[in-house]
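Heads up: numbering here begins at 1 and tracks the sequence.
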Amino acid sequence: MTKLRVLTAIIFATILIGCNSEKSKNNFGKENLIQTEIESDTLTKHLKPFKSELPTIGLLMYNGVLQSEVIATSDVFAKPNEKGKQIFNVITIAETEKPITTEEGINILPDFTFKNCPKLTALFVPSAYDMYAQIHNKKIVNFIKEKNKETKYVVSNCAGAQLIGKSGIADGHKIVTWIGGGEQLQKDYPNLIVQNDSLVTFVEDGKFSSSNGNLASYISALNLLEKMTSSEHKKFVESYLYLDRLQNW
(Lines give C-alpha, C1' and ligand atoms only; values in the text may rest on other atoms or scores of the structure.)
Protein backbone atom coordinates (compact mmCIF):
# COMPACT_ATOMS: atom_id res chain seq x y z
CA MET A 1 0.00 0.00 0.00
CA THR A 2 2.86 2.33 0.90
CA LYS A 3 4.57 1.54 -2.40
CA LEU A 4 1.34 2.33 -4.25
CA ARG A 5 1.10 5.73 -2.52
CA VAL A 6 4.70 6.54 -3.37
CA LEU A 7 4.17 5.52 -7.01
CA THR A 8 1.00 7.62 -7.20
CA ALA A 9 2.84 10.62 -5.76
CA ILE A 10 5.65 10.26 -8.31
CA ILE A 11 3.19 10.06 -11.22
CA PHE A 12 1.27 13.11 -9.96
CA ALA A 13 4.49 15.09 -9.54
CA THR A 14 5.61 14.15 -13.06
CA ILE A 15 2.30 15.32 -14.52
CA LEU A 16 2.44 18.57 -12.53
CA ILE A 17 6.00 19.30 -13.65
CA GLY A 18 5.06 18.54 -17.26
CA CYS A 19 2.08 20.90 -17.13
CA ASN A 20 4.17 23.67 -15.61
CA SER A 21 6.87 23.13 -18.22
CA GLU A 22 4.31 23.29 -21.01
CA LYS A 23 2.83 26.42 -19.49
CA SER A 24 6.29 27.98 -19.31
CA LYS A 25 6.89 27.10 -22.94
CA ASN A 26 3.59 28.67 -23.94
CA ASN A 27 4.34 31.81 -21.92
CA PHE A 28 7.81 31.98 -23.41
CA GLY A 29 6.26 31.73 -26.87
CA LYS A 30 3.85 34.54 -26.06
CA GLU A 31 6.69 36.70 -24.75
CA ASN A 32 8.63 36.05 -27.94
CA LEU A 33 5.58 36.95 -30.02
CA ILE A 34 5.08 40.20 -28.12
CA GLN A 35 8.78 41.04 -28.46
CA THR A 36 8.68 40.26 -32.19
CA GLU A 37 5.66 42.52 -32.63
CA ILE A 38 7.45 45.35 -30.82
CA GLU A 39 10.58 44.91 -32.93
CA SER A 40 8.54 44.79 -36.13
CA ASP A 41 6.79 48.00 -35.16
CA THR A 42 10.12 49.78 -34.83
CA LEU A 43 10.88 48.75 -38.39
CA THR A 44 7.71 50.22 -39.85
CA LYS A 45 6.56 53.10 -37.67
CA HIS A 46 8.87 55.60 -39.37
CA LEU A 47 7.64 54.79 -42.87
CA LYS A 48 5.70 57.67 -44.39
CA PRO A 49 2.66 56.61 -46.43
CA PHE A 50 2.05 58.07 -49.87
CA LYS A 51 -0.73 60.63 -49.59
CA SER A 52 -2.17 61.77 -52.90
CA GLU A 53 -3.23 65.14 -51.48
CA LEU A 54 0.38 66.11 -50.65
CA PRO A 55 2.95 67.62 -53.05
CA THR A 56 5.26 64.91 -54.36
CA ILE A 57 9.02 65.34 -54.62
CA GLY A 58 10.59 62.93 -57.08
CA LEU A 59 14.24 61.88 -56.78
CA LEU A 60 15.58 60.46 -60.03
CA MET A 61 18.04 57.59 -59.56
CA TYR A 62 20.31 55.43 -61.70
CA ASN A 63 23.35 53.26 -61.12
CA GLY A 64 26.39 55.26 -60.06
CA VAL A 65 24.33 58.14 -58.65
CA LEU A 66 26.01 60.23 -55.96
CA GLN A 67 24.00 59.32 -52.90
CA SER A 68 24.68 62.63 -51.12
CA GLU A 69 22.57 64.37 -53.76
CA VAL A 70 19.68 62.00 -53.16
CA ILE A 71 20.00 62.04 -49.38
CA ALA A 72 20.25 65.84 -49.19
CA THR A 73 16.88 66.29 -50.87
CA SER A 74 15.17 63.55 -48.87
CA ASP A 75 16.72 64.95 -45.68
CA VAL A 76 15.10 68.31 -46.32
CA PHE A 77 11.67 67.37 -47.68
CA ALA A 78 10.96 64.29 -45.55
CA LYS A 79 11.08 66.29 -42.33
CA PRO A 80 7.67 66.97 -40.74
CA ASN A 81 6.43 70.38 -39.71
CA GLU A 82 6.73 71.61 -36.13
CA LYS A 83 3.55 69.74 -35.20
CA GLY A 84 5.05 66.47 -36.47
CA LYS A 85 2.80 66.33 -39.54
CA GLN A 86 4.00 64.94 -42.88
CA ILE A 87 3.79 67.66 -45.53
CA PHE A 88 5.43 66.04 -48.59
CA ASN A 89 5.65 62.73 -50.36
CA VAL A 90 9.31 62.01 -51.09
CA ILE A 91 9.83 59.19 -53.60
CA THR A 92 12.72 57.62 -55.49
CA ILE A 93 12.28 56.80 -59.18
CA ALA A 94 14.34 54.62 -61.51
CA GLU A 95 13.97 53.02 -64.92
CA THR A 96 13.22 49.58 -63.44
CA GLU A 97 12.33 48.02 -60.10
CA LYS A 98 15.86 46.64 -59.67
CA PRO A 99 17.98 48.02 -56.81
CA ILE A 100 20.13 51.02 -57.70
CA THR A 101 23.78 50.89 -56.65
CA THR A 102 25.14 54.30 -55.77
CA GLU A 103 28.68 55.53 -56.46
CA GLU A 104 29.43 54.78 -52.82
CA GLY A 105 28.22 51.18 -53.11
CA ILE A 106 24.91 51.45 -51.24
CA ASN A 107 21.95 49.59 -52.77
CA ILE A 108 18.62 51.44 -52.82
CA LEU A 109 15.32 49.94 -53.96
CA PRO A 110 13.36 52.58 -55.93
CA ASP A 111 9.78 53.37 -54.93
CA PHE A 112 8.51 53.80 -58.49
CA THR A 113 9.59 53.23 -62.08
CA PHE A 114 9.22 55.48 -65.12
CA LYS A 115 6.03 53.55 -66.01
CA ASN A 116 4.14 53.92 -62.72
CA CYS A 117 5.56 57.17 -61.37
CA PRO A 118 2.80 59.38 -59.90
CA LYS A 119 2.34 63.05 -60.73
CA LEU A 120 5.25 65.11 -59.43
CA THR A 121 5.35 68.62 -58.05
CA ALA A 122 9.15 68.76 -58.27
CA LEU A 123 11.79 66.59 -59.93
CA PHE A 124 15.37 66.48 -58.66
CA VAL A 125 18.02 65.32 -61.13
CA PRO A 126 21.26 64.20 -59.44
CA SER A 127 24.61 63.29 -60.96
CA ALA A 128 27.21 60.59 -61.35
CA TYR A 129 30.95 60.87 -61.92
CA ASP A 130 30.47 59.42 -65.39
CA MET A 131 27.30 60.70 -67.08
CA TYR A 132 27.87 59.08 -70.49
CA ALA A 133 25.44 56.21 -69.90
CA GLN A 134 22.74 58.52 -68.55
CA ILE A 135 22.77 61.16 -71.28
CA HIS A 136 22.72 58.39 -73.91
CA ASN A 137 19.79 56.62 -72.24
CA LYS A 138 16.71 57.78 -74.17
CA LYS A 139 14.36 56.46 -71.50
CA ILE A 140 15.91 58.68 -68.83
CA VAL A 141 15.98 61.73 -71.09
CA ASN A 142 12.39 61.18 -72.23
CA PHE A 143 11.25 60.72 -68.63
CA ILE A 144 12.70 64.13 -67.75
CA LYS A 145 11.00 65.70 -70.77
CA GLU A 146 7.61 64.22 -69.89
CA LYS A 147 7.79 65.09 -66.20
CA ASN A 148 8.78 68.66 -67.05
CA LYS A 149 5.29 69.09 -68.54
CA GLU A 150 3.60 68.50 -65.17
CA THR A 151 6.13 69.68 -62.58
CA LYS A 152 6.23 73.14 -61.08
CA TYR A 153 9.95 72.83 -60.35
CA VAL A 154 12.94 70.99 -61.80
CA VAL A 155 16.23 70.94 -59.90
CA SER A 156 19.60 69.61 -61.04
CA ASN A 157 22.64 69.06 -58.90
CA CYS A 158 26.23 68.75 -60.12
CA ALA A 159 26.50 66.93 -63.46
CA GLY A 160 22.74 66.37 -63.45
CA ALA A 161 22.86 69.59 -65.50
CA GLN A 162 24.02 67.47 -68.43
CA LEU A 163 20.72 65.58 -68.41
CA ILE A 164 18.87 68.90 -68.28
CA GLY A 165 20.91 70.07 -71.25
CA LYS A 166 20.32 66.85 -73.18
CA SER A 167 16.57 67.04 -72.60
CA GLY A 168 16.41 70.65 -73.83
CA ILE A 169 13.82 71.60 -71.21
CA ALA A 170 15.85 74.52 -69.79
CA ASP A 171 17.13 76.04 -73.04
CA GLY A 172 17.49 79.80 -72.59
CA HIS A 173 17.72 79.48 -68.81
CA LYS A 174 20.60 79.95 -66.38
CA ILE A 175 22.20 76.81 -64.97
CA VAL A 176 25.27 75.82 -62.98
CA THR A 177 27.07 72.50 -62.71
CA TRP A 178 29.98 70.96 -60.81
CA ILE A 179 33.07 73.05 -60.17
CA GLY A 180 35.13 72.74 -63.33
CA GLY A 181 32.37 71.40 -65.57
CA GLY A 182 30.78 74.59 -66.84
CA GLU A 183 32.95 75.16 -69.90
CA GLN A 184 32.24 71.72 -71.35
CA LEU A 185 28.55 71.97 -70.47
CA GLN A 186 28.30 75.21 -72.45
CA LYS A 187 30.02 73.63 -75.47
CA ASP A 188 27.79 70.57 -75.39
CA TYR A 189 24.55 72.51 -74.87
CA PRO A 190 24.96 76.03 -76.26
CA ASN A 191 21.30 76.91 -75.65
CA LEU A 192 21.87 76.84 -71.89
CA ILE A 193 23.10 79.96 -70.09
CA VAL A 194 25.87 78.31 -68.07
CA GLN A 195 27.06 80.22 -65.01
CA ASN A 196 30.66 80.47 -63.79
CA ASP A 197 30.87 77.47 -61.45
CA SER A 198 33.99 78.82 -59.76
CA LEU A 199 31.90 81.73 -58.45
CA VAL A 200 28.31 80.47 -58.46
CA THR A 201 27.15 77.71 -56.09
CA PHE A 202 23.43 77.90 -56.79
CA VAL A 203 21.27 79.57 -59.41
CA GLU A 204 17.53 79.82 -59.98
CA ASP A 205 15.82 80.82 -63.22
CA GLY A 206 12.06 80.40 -63.46
CA LYS A 207 11.00 76.85 -62.57
CA PHE A 208 14.60 75.63 -62.96
CA SER A 209 17.30 75.70 -60.30
CA SER A 210 20.70 74.05 -60.00
CA SER A 211 23.72 73.70 -57.75
CA ASN A 212 27.32 72.47 -57.76
CA GLY A 213 26.06 69.25 -56.14
CA ASN A 214 27.36 67.06 -53.33
CA LEU A 215 26.65 68.91 -50.04
CA ALA A 216 25.66 72.02 -52.01
CA SER A 217 22.56 69.98 -52.88
CA TYR A 218 21.23 71.03 -49.47
CA ILE A 219 21.19 74.60 -50.76
CA SER A 220 19.00 73.79 -53.78
CA ALA A 221 16.69 71.66 -51.62
CA LEU A 222 16.33 74.25 -48.85
CA ASN A 223 15.74 77.03 -51.37
CA LEU A 224 12.87 75.13 -52.94
CA LEU A 225 11.54 74.09 -49.55
CA GLU A 226 11.25 77.75 -48.57
CA LYS A 227 9.39 78.56 -51.81
CA MET A 228 6.94 75.70 -51.24
CA THR A 229 6.41 76.34 -47.50
CA SER A 230 7.80 79.34 -45.62
CA SER A 231 11.02 80.81 -44.27
CA GLU A 232 9.92 79.68 -40.80
CA HIS A 233 9.66 76.05 -41.89
CA LYS A 234 13.00 76.27 -43.65
CA LYS A 235 14.61 77.48 -40.41
CA PHE A 236 12.88 74.66 -38.52
CA VAL A 237 14.33 72.06 -40.91
CA GLU A 238 17.78 73.65 -40.71
CA SER A 239 17.67 73.38 -36.93
CA TYR A 240 16.33 69.81 -37.22
CA LEU A 241 19.41 68.95 -39.31
CA TYR A 242 21.83 70.84 -37.03
CA LEU A 243 23.02 72.83 -40.02
CA ASP A 244 23.95 75.70 -37.73
CA ARG A 245 26.60 73.42 -36.19
CA LEU A 246 28.03 72.76 -39.64
CA GLN A 247 28.01 76.44 -40.55
CA ASN A 248 29.88 77.34 -37.35
CA TRP A 249 32.42 74.56 -37.72
According to the salt bridge (Lys or Arg N to Asp or Glu O under 4.0 Å) rule, which pairs have a member within residues 232-248, sequence neighbours left out? Glu226-Lys234

Between Glu150 and Pro118 the two heavy atoms that sit nearest each other are OE2-O, 3.9 Å

Verify, without hydrogens or angle tests, whether Asn214 (side chain) and Ala216 (backbone) share a donor-acceptor contact under 3.5 angstrom. no

Would you indicate whether the side-chain heavy atoms of Phe208 and Ser156 approach each other to under 4.5 Å? no

Taking side chain to side chain donor-acceptor pair (under 3.5 Å) as the definition, give me every residue that meets it alongside Thr177, ordered by chain and number, with sequence neighbours left out. none

Leu123 reachable from Leu54 in the ILVMFWY side-chain graph, under 4.5 Å edges: no

Please name the pair of heavy atoms, one in Pro55 and one in Thr121, separated by the smallest distance, quoted to 0.1 Å. CA-OG1, 3.4 Å

Ile144 backbone acceptor or donor facing Asn148 side chain under 3.5 Å: no

Roughly how far, to the nearest 0.5 Å, is the OG atom of Ser68 from the CG atom of Leu66? 5.5 Å

I'd like to know if the side chain of Ser209 pairs up with that of Asn223 as donor and acceptor (distance under 3.5 Å, no hydrogens or angles considered). no

Any link between Met228 and Leu241 through a network of hydrophobic side chains (Ile, Leu, Val, Met, Phe, Trp, Tyr) touching at under 4.5 Å? yes

Does the side chain of Met61 reach to within under 4.5 Å of the side chain of Pro110, using non-hydrogen atoms? no

Please check: side-chain N/O of Asn63 versus main-chain N/O of Ile100, any donor-acceptor pairing under 3.5 Å? no

State plainly whether one hydrophobic cluster holds both Val125 and Trp178, where clusters connect Ile, Leu, Val, Met, Phe, Trp and Tyr through side-chain heavy atoms under 4.5 angstrom apart. no

I need the Ile71 CD1 to Ile106 CD1 distance, nearest 0.5 Å. 8.0 Å

Which pairs count as salt bridge (Lys or Arg N to Asp or Glu O under 4.0 Å) when at least one residue sits in residues 70-79, sequence neighbours excluded? Asp75-Lys79

Any idea which heavy atoms bring Ser74 and Leu59 closest together, and the distance? CB-CD1, 4.0 Å

Tell me, please, which residues at least two apart from Asp111 pass side chain to side chain contact (heavy atoms under 4.5 Å, CB included). Ile91, Thr92

Give every residue pair that meets the salt bridge (Lys or Arg N to Asp or Glu O under 4.0 Å) criterion with at least one member in residues 90-108, sequence neighbours excluded. Glu95-Lys139

Could you check Asn142 against Lys145 for side-chain contact (heavy atoms from CB on, under 4.5 Å), going step by step and ending with a plain yes or no? CA-CA 5 Å; Asn142 287 336; Lys145 287 181 179 180; 4.1 Å; yes

Taking atom CZ of Phe236 and atom OG of Ser230, what is their separation to the nearest 0.5 Å? 11.0 Å

Could you tell me whether the side chain of Lys207 and the main chain of Val154 form a donor-acceptor pair under 3.5 Å? no

Any chance you could measure Asn116, atom CG, to Phe112, atom CZ, to the nearest 0.5 Å? 6.0 Å

Test side-chain contact (heavy atoms from CB on, under 4.5 Å) on Thr73 and Ile57; report intermediate values, then the result. CA-CA 9 Å; Thr73 305; Ile57 309 300; 4.1 Å; yes

I'd like to know if the side chain of Gln186 and the backbone of Leu192 have a donor-acceptor N/O pair within less than 3.5 Å. yes

Within 6.0 Å of CG in Leu109, more than 12 heavy atoms from elsewhere: yes

If two hydrophobic side chains count as joined below 4.5 Å and joins carry through other members, does Leu246 share a cluster with Val237? yes

Taking C-beta and beyond as the side chain, do Ile108 and Pro99 meet within less than 4.5 Å on heavy atoms? no

Assess whether atom CD1 of Ile135 is packed by more than 12 heavy atoms of other residues, nucleotides or ligands within 6.0 Å. yes

In short, salt bridge (Lys or Arg N to Asp or Glu O under 4.0 Å) pairs touching residues 185-205 with sequence neighbours left out are Glu183-Lys187, Glu204-Lys227

For the backbone of Phe50 and the side chain of Asn89, can you confirm whether one donor and one acceptor N or O come within less than 3.5 Å of each other? no

For residues 158-174, which side-chain donor-acceptor pairs fall under 3.5 Å, sequence neighbours excluded?
| unit_1 | atom_1 | unit_2 | atom_2 | d |
| --- | --- | --- | --- | --- |
| Ser167 | OG | Leu163 | O | 3.3 |
| Ser167 | OG | Ile164 | O | 2.8 |
| Ser167 | OG | Ile169 | N | 3.4 |

Hey, does Pro126 have a side-chain heavy atom less than 4.5 Å from the side chain of Tyr62? yes

Of all the heavy-atom pairs spanning Asn107 and Thr101, show the shortest one and how long it is. OD1-OG1, 2.7 Å

Quick one: do Tyr189 and Ile193 end up in the same hydrophobic cluster if we chain Ile, Leu, Val, Met, Phe, Trp and Tyr together by side-chain heavy atoms under 4.5 Å apart? no

Given a cutoff of under 4.5 Å between side-chain heavy atoms of I, L, V, M, F, W and Y, with clusters grown through shared members, what are the other residues clustered with Phe202? Ile219

Check for a donor-acceptor pair, side chain of His136 on one end and backbone N or O of Tyr132 on the other, with a separation under 3.5 Å. yes

Could I get the full list of ring pair (Phe, Tyr, Trp, His ring centres under 6.0 Å) partners for Tyr129, not counting sequence neighbours? none

N/O donor-acceptor pair under 3.5 Å between Asn81 side chain and Ile87 backbone: no

His233 backbone acceptor or donor facing Thr229 side chain under 3.5 Å: no

Interatomic distance, Phe124 atom CZ to Thr151 atom OG1 [nearest 0.5 angstrom]: 11.0 Å

May I have all residue pairs that pass ring pair (Phe, Tyr, Trp, His ring centres under 6.0 Å) and include part of residues 139-161, sequence neighbours excluded? Phe114-Phe143

Under the salt bridge (charged side-chain N to carboxylate O under 4.0 Å, His left out) test, residues paired with Lys149 that sit two or more places apart: Glu146

Under the ring pair (Phe, Tyr, Trp, His ring centres under 6.0 Å) test, which residues partner Phe88, sequence neighbours left out? Phe77

Looking at CG of Leu224 and NZ of Lys152, how far apart are the two atoms once the value is rounded to the nearest 0.5 Å? 11.0 Å

If you apply the rule side chain to side chain donor-acceptor pair (under 3.5 Å), what do you find for Asn157 with Ser127, and how did you get there? CA-CA 6 Å; Asn157 291 306; Ser127 70; over 6 Å; no

